[in-house]
Amino acid sequence: MTFDWANIIGLAGSAMMVVAYAYSNIAKQMNFVFFNLLNLMGSLLLIWSLTVHFNLASMALEIVWTLIALLGIVKAMKRKSA
């Protein structure tokens with residue numbers, strides 16, 4: 001394994017997703033926009049990393065994770081505006 005920019009960006013994305021998961025377990029009141037933005041940014045960084053060091057299973061997971069995060073953001077924004 002090389003320690004290149006793709007791996008650094010992928011690790012940053014993974015860290016964001018871990019922080020989002022920890023936040024969801026620690027927060028007394030969830031901010032769903034924040035939670036889903038962390039997940040979205042993390043998954044997009046991992047997708048970028050996977051374009052350099054491709055892995056089909058991981059890419060599929062990150063694409064689905066991105067779509068779920070986008071849906072979560074839309075739902076949270078609708079709730080805030082209601």
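Everything quoted here is computed from the prediction, not taken from an experiment. Heads up: numbering here begins at 1 and tracks the sequence.
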Would [X] and [Y] show up in the same hydrophobic cluster when neighbours are defined by side-chain heavy atoms closer than 4.5 Å?
| X | Y | answer |
| --- | --- | --- |
| F35 | L46 | no |
| Y21 | L37 | no |
| Y23 | M41 | yes |
| F54 | I47 | yes |
| W5 | F3 | yes |

Taking atom types as modelled and ignoring hydrogens, do the side chains of D4 and N7 form a donor-acceptor contact shorter than 3.5 angstrom?
-> yes

What do you reckon, is CH2 of W48 surrounded by more than 12 foreign heavy atoms closer than 6.0 Å?
->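 More than 12 within 6.0 Å, yes.
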
Atom [atom1] in [X], atom [atom2] in [Y]: separation rounded to 0.5 Å?
| X | Y | atom1 | atom2 | value |
| --- | --- | --- | --- | --- |
| S14 | I9 | OG | CD1 | 12.0 Å |
| L56 | L61 | CG | CG | 11.0 Å |
| M17 | L40 | CE | CG | 9.5 Å |

If you look at every heavy atom in [X] and [Y], which pair is closest and at what distance?
| X | Y | value |
| --- | --- | --- |
| T66 | S43 | OG1-OG, 2.8 Å |
| A6 | S49 | O-OG, 2.8 Å |
| N55 | S58 | OD1-N, 3.0 Å |
| M16 | G42 | SD-N, 3.7 Å |

May I have the list of side-chain donor-acceptor pairs in residues 27-34 shorter than 3.5 Å, sequence neighbours left out?
unit_1 : atom_1 : unit_2 : atom_2 : d
N31    : OD1    : V33    : N      : 3.1
N31    : OD1    : F34    : N      : 3.0

Are any of the side-chain heavy atoms of M59 and T51 separated by less than 4.5 Å?
->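 M59 reaches T51 side chain to side chain.
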
Side-chain polar contacts of residues 70-77 - donor-acceptor pairs under 3.5 angstrom, sequence neighbours left out - could you list them?
none

